[in-house]
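Residue indices begin at 1 and follow the sequence shown. Just so we're clear, the structure is a prediction, and the values are computed from it rather than from any experiment. Whatever order the structure lists ligands and atoms in, that order sets their numbers, starting from 1.
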Amino acid sequence: MQVAGVGFGPSNLALAIALRECRPAGTGAVFFERQPSFGWHSGMLLDDATMQISFLKDLVLLRNPVSSFSFLAYLHDRGRLADFINHQTLVPSRLEFHDYLRWAAERVGGVVRYDSEVLAIRPVSGDGVVDQLELVVRDGAHREPYVCRARNVVLATGLRPRLPDGVRASDRVWHSADYLHRLAGLPPEATGSFTVVGSGQSAAEITNDLMSRFPEATVHAVFPRYGYSVADDSPFTNRIFDAAAVDDYYLAAPPVRESLMNYHANTNYSVVDLDLIRALYRRQYQERVRGVDRLRIVNVSRVRQVRESGGGVSVDVEYLPTGERTDLRSDVVVFATGYRPLDPRPLLGELMEFVELDDDGMVRVGRDYRLCTSDKLTCGIYLQGGTEHTHGISSSLLSTTAQRAGHIVESLTASTPQ
Ligand code: FDA
Ligand code: NAP
């Protein structure tokens, strides 16, 4: 196999399409995905949620504007092109974009093995150099894990849910990533009160959803900020998500990278769409007019401890200005406390001895997303995600997915000509 992809979310889906379009003679590619079928953050597929990005930044358009895998081609295929145009929006619902991604995934389905988790990637030596990689794969069809050899691997395993230290997920303590899955199993007697921790997009969407879904329930929103902060999606700033910004970031010295990250973190982290902030405020205000006070903002506060007892959860909350502690009790606590970036080290295991590290112990990555390795390893190991330190803030997002897939195909072609 020339290329093995680990994970089949939007990043490796875009790569599968790019391989098909750029190397039609046959790519020798296979992609392993641990989910039983295609799914993109399905625990957060809320009815009202919209995309955080223009549909023009789909899987292909910025690489190949005439691709048959574009969002517009999908709309045409579904018979909704005119209706979408009349909708006059650049940001489809997450449900619709999910359907687009699934449509595209089905069209390249032949290269994907679902229900297949890659457990490890190991070096295979020949003549003193590592010229093959061995992926250890567990799937539903085999009793034991099996191995698959490849010349190149592309890791696109996505973000990992982050819970505060000491917090463990359970039936009553959830991470936002599992929100809809957990909600489906919630007994009716556990729907009187909720605590949502965090003030990012996930927290605001879940708070809004709980308020709508359970009109009698009280919802405590706990976060360290004073109020929800708005996501900066203004036009000049939005250029930070362009491919040109990736070039600039990649060339910049570490202090410049750090300042760019700090200046523009509010385009993505711990921020919320203004429309949603306004909707939450309006809802709280209107309820107060009616004498109801069920959205309780617990601001400038951090969760210090969580304890489950007697069919509920107690959250020990510190009010940061005074250090005062309050015991907040609710039926369920949802931690919308964000994600950790892709970390290639656990999967690469002993291969890490061939990978170059920078002064901060982070992996060195080429502009073409290929890990920098010693000359004792001639295989390509590519990252889609986990490159914020080298390629900037768009690394975990969809903004440059189409172009990144193109860069990787070019690099694969240059290093392993057919
Ligand atoms: P993604 O996480 O989508 O996919 C990784 C895949 O790898 C998963 O399917 C997983 O099952 C699989 N996998 C992991 N380990 C594996 C293993 N060992 N073996 C086999 N398979 C494995 N960004 C944006 O630009 N616009 C937006 O609107 C949004 N919206 C959004 C909503 C929500 C709720 C979240 C949490 C995030 C976003 N994002 C976003 C950011 C998000 O990271 C991005 O949209 C993509 O999901 C990135 O695609 P990837 O394919 O890299 O990861
Ligand atoms: P996030 O932006 O990283 O926000 C995490 C939040 O948790 C922050 O407000 C953080 O506070 C808070 N937090 C962390 N630990 C805490 C603690 N101990 N006590 C209280 N608060 C704590 O995560 P996210 O909202 O999940 O967003 C992640 C990504 O997913 C973003 O790219 C976002 O755009 C995307 N997303 C998109 C959609 C959509 O497309 N509709 C929906 C949801 C998410 P600080 O202020 O201290 O950081």
Side-chain angles (χ1 to χ4, degrees), residues 5-15 31-46 48-55 57 91-94 97-98 101 113-121 135-139 155-167 175-177 179 196-206 221-225 228-229 231 241 265-273 276 298-299 301-306 315 317-318 320 335-342 346-347 383-386 393-401 404:
V6 186
F8 201 66
S11 298
N12 267 346
L13 170 54
L15 178 65
F31 293 86
F32 298 100
E33 168 56 53
R34 68 180 171 198
Q35 296 184 87
S37 58
F38 185 84
W40 177 58
H41 302 304
S42 52
M44 281 292 290
L45 271 185
L46 304 172
D48 293 342
T50 58
M51 292 296 293
Q52 304 285 292
I53 198 168
S54 161
F55 73 84
K57 292 189 173 175
V91 285
S93 69
R94 285 201 62 236
F97 206 76
H98 189 276
L101 294 173
R113 295 188 199 166
Y114 289 104
D115 199 11
S116 298
E117 182 173 13
V118 175
L119 302 176
I121 306 175
L135 288 83
V136 183
V137 184
R138 178 172 57 202
D139 73 6
L155 300 185
T157 49
L159 301 166
R160 294 173 300 141
R162 179 176 51 206
L163 288 168
D165 288 346
V167 175
H175 186 272
S176 56
Y179 174 65
V196 180
V197 184
S199 58
Q201 186 69 24
S202 298
E205 286 186 10
I206 288 172
V222 182
F223 48 77
R225 292 182 182 233
Y228 296 105
S229 301
F241 298 115
N266 69 341
T267 55
N268 184 49
Y269 292 115
S270 310
V271 287
V272 183
D273 276 354
L276 180 54
V298 186
N299 62 354
S301 297
R302 256 183 199 281
V303 169
R304 293 300 178 207
Q305 250 189 347
V306 178
V315 178
V317 177
E318 179 181 349
L320 298 172
F335 280 91
T337 41
Y339 294 81
R340 293 184 206 286
L342 182 159
L347 267 184
L383 292 187
Q384 300 218 66
I393 197 161
S394 59
S395 291
S396 69
L397 303 175
L398 301 176
S399 331
T400 56
T401 301
R404 183 174 62 200

Taking the side chain from Arg94 and the backbone from Ser42, do they hold a donor-acceptor pair closer than 3.5 Å?
no

Nearest non-hydrogen protein atom, atom 1 (P) of ligand 2
Ser270 N, 3.8 Å

Can you find a pair of side-chain heavy atoms, one from Leu15 and one from Phe8, that are under 4.5 Å apart?
no

So is Arg94 close enough to ligand 1, meaning a heavy atom under 4.0 angstrom away?
yes

Near Tyr339, which atoms of ligand 1 are under 4.0 Å from a heavy atom of that residue?
36 (C)

Between Glu117 and Glu33, is there a donor-acceptor pair closer than 3.5 Å when you use the side chain of the first and the backbone of the second?
no

Between Phe38 and Tyr114, does a ring pair (Phe, Tyr, Trp, His ring centres under 6.0 Å) hold up when you go through it step by step?
CA-CA 8 Å; Phe38 185 84; Tyr114 289 104; 7.3 Å; no

Does some non-hydrogen atom of Leu46 fall short of 4.0 Å from ligand 2?
no

Report the nearest protein non-hydrogen atom to atom 14 (C) of ligand 2: residue, atom name, distance rounded to 0.1 Å.
Thr337 CG2, 3.5 Å

Within less than 4.0 angstrom of ligand 1, does Gly385 place any heavy atom?
no

With only distance considered, is Leu398 within less than 3.5 Å of ligand 1 through an N or O on each side?
yes

Please work out, at 4.0 Å between heavy atoms, whether the side chain, the backbone, both, or neither of Leu397 comes within that distance of ligand 2.
side chain

Could an N or O of ligand 2 be found under 3.5 Å from any N or O of Ser301, whether backbone or side chain?
no

For Gln35 and Asp115, what are the C-alpha separation, side-chain angles and deciding distance, and is it a side-chain hydrogen bond (donor to acceptor under 3.5 Å, both in side chains)?
CA-CA 5 Å; Gln35 296 184 87; Asp115 199 11; over 6 Å; no

Should the proximity of Thr401 to ligand 1, defined as any heavy atom under 4.0 Å, be assigned to the side chain, the backbone, both, or neither?
neither

Ile53 neighbourhood, listing ligand 1 atoms whose heavy-atom distance to it stays under 4.0 Å:
25 (O), 26 (N)

Which residue from Phe31, Phe38, Phe97, Trp40 reaches closest to atom 40 (C) of ligand 1 through any of its heavy atoms?
Trp40

Tell me: protein heavy atom nearest atom 14 (C) of ligand 1, and distance?
Thr157 O, 3.4 Å

What atoms of ligand 1 come closer than 4.0 angstrom to any heavy atom of Met51?
27 (C), 28 (O)

If we number the atoms of ligand 2 from 1 as shown, the ones under 4.0 Å from a heavy atom of Gly200 are 4 (O), 9 (O), 25 (O)

Answer yes or no: is there a side-chain heavy-atom contact under 4.5 Å between Asn299 and Phe223?
yes

Indicate, as side chain, backbone, both or neither, the part of Arg34 found under 4.0 angstrom from ligand 1 when only non-hydrogen atoms are considered.
both

Out of Gln201, Glu117, Glu33, whose heavy atom sits nearest atom 11 (O) of ligand 1?
Glu33

Note the single closest protein heavy atom to atom 3 (O) of ligand 1, along with its residue, its atom name and the distance in Å.
Pro10 CD, 3.2 Å

Closest to atom 9 (O) of ligand 2 among protein heavy atoms sits Ser199 N, 2.8 Å

Considering non-hydrogen atoms of the protein only, which is the closest contact for atom 5 (C) of ligand 1, and what is the distance?
Ala156 O, 3.3 Å

Need the ligand 1 atom indices (1-based, order shown) with element for anything under 4.0 Å from a heavy-atom of Met44.
34 (C)

For atom 29 (C) of ligand 2, decide whether some protein heavy-atom distance is shorter than 4.0 Å.
no

Enter the distance from Asn12:CG to Leu155:CG here, rounded to the nearest 0.5 Å.
8.5 Å

Are the side chains of Val6 and Ile121 in touch, meaning some heavy atoms are under 4.5 Å apart?
yes

At what distance is the nearest protein heavy atom to atom 4 (O) of ligand 1, and which residue and atom is it?
Gly9 CA, 3.5 Å

Evaluate Arg138 against Ser116 for side-chain hydrogen bond (donor to acceptor under 3.5 Å, both in side chains), listing each step before the verdict.
CA-CA 6 Å; Arg138 178 172 57 202; Ser116 298; over 6 Å; no

Report yes if Arg225 has an N/O atom closer than 3.5 Å to an N/O atom of ligand 2; otherwise report no.
yes

Atom 3 (O) of ligand 2 [closest protein heavy-atom partner, distance rounded to 0.1 Å]
Gly338 CA, 3.7 Å

Interfacing atoms of ligand 1 (cut-off 4.0 Å, heavy-atom, Val6)
17 (C), 19 (N)

Under 3.5 Å, N or O to N or O, is Gln35 touching ligand 1 that way?
yes

Counting only heavy atoms, tell me which of Arg340, His41, Arg94, Glu205 gets closest to atom 42 (C) of ligand 2.
Glu205

Heavy-atom protein contact below 4.0 Å for atom 45 (P) of ligand 2
yes

Set of side chain to side chain donor-acceptor pair (under 3.5 Å) partners for Arg304, sequence neighbours left out:
Glu318

Contact with ligand 1 for Ser116, non-hydrogen, under 4.0 angstrom:
yes

In the complex you have, is atom 47 (O) of ligand 1 within reach of the protein, judged by whether a heavy-atom distance drops under 4.0 Å?
yes

What distance separates Arg34 CZ from Asp139 CG, expressed to the nearest 0.5 Å?
15.0 Å

Report, in ascending order of atom number, the atoms of ligand 2 lying under 4.0 Å from any heavy atom of Pro224.
11 (O), 20 (C), 21 (N), 47 (O)

Distance flag for atom 35 (C) of ligand 2, protein heavy atom under 4.0 Å:
no

Suppose we measure from atom 6 (C) of ligand 2 to each protein heavy atom; which comes out shortest, and what is that distance?
Ala336 O, 3.4 Å

Quick one: nearest non-hydrogen protein atom to atom 17 (C) of ligand 2, plus distance?
Arg302 NH1, 3.3 Å

How close does the nearest protein non-hydrogen atom get to atom 37 (C) of ligand 2, and which residue and atom is it?
Gln52 CG, 3.7 Å

Polar contact flag for Tyr339 and ligand 2 (N/O pairs, less than 3.5 Å):
no

Per atom 53 (O) of ligand 1, closest listed option by heavy atom (Ala177, Gly158, Ser396, Pro161):
Gly158

Hey, is ligand 1 close enough to Val118 that some N/O pair sits below 3.5 Å?
yes

Run the numbers on Gln201 and Val271 for side chain to side chain contact (heavy atoms under 4.5 Å, CB included), then give the verdict.
CA-CA 6 Å; Gln201 186 69 24; Val271 287; over 6 Å; no

Tyr269 to ligand 2: N or O pair under 3.5 Å?
no

Residue and atom name of the nearest protein heavy atom (relative to atom 23 (N) of ligand 1), distance in Å to one decimal
Leu397 CD2, 3.6 Å

Report the nearest protein non-hydrogen atom to atom 50 (P) of ligand 1: residue, atom name, distance rounded to 0.1 Å.
Ser11 OG, 3.2 Å

Using a 3.5 Å cut-off on N or O atoms only, is His41 in polar contact with ligand 1?
yes

Ignoring hydrogens and geometry, is there a side-chain-to-backbone donor-acceptor pair from Arg404 to Ser395 under 3.5 Å?
yes

For atom 26 (O) of ligand 2, what's the nearest protein heavy atom and its distance?
Ser202 OG, 2.6 Å

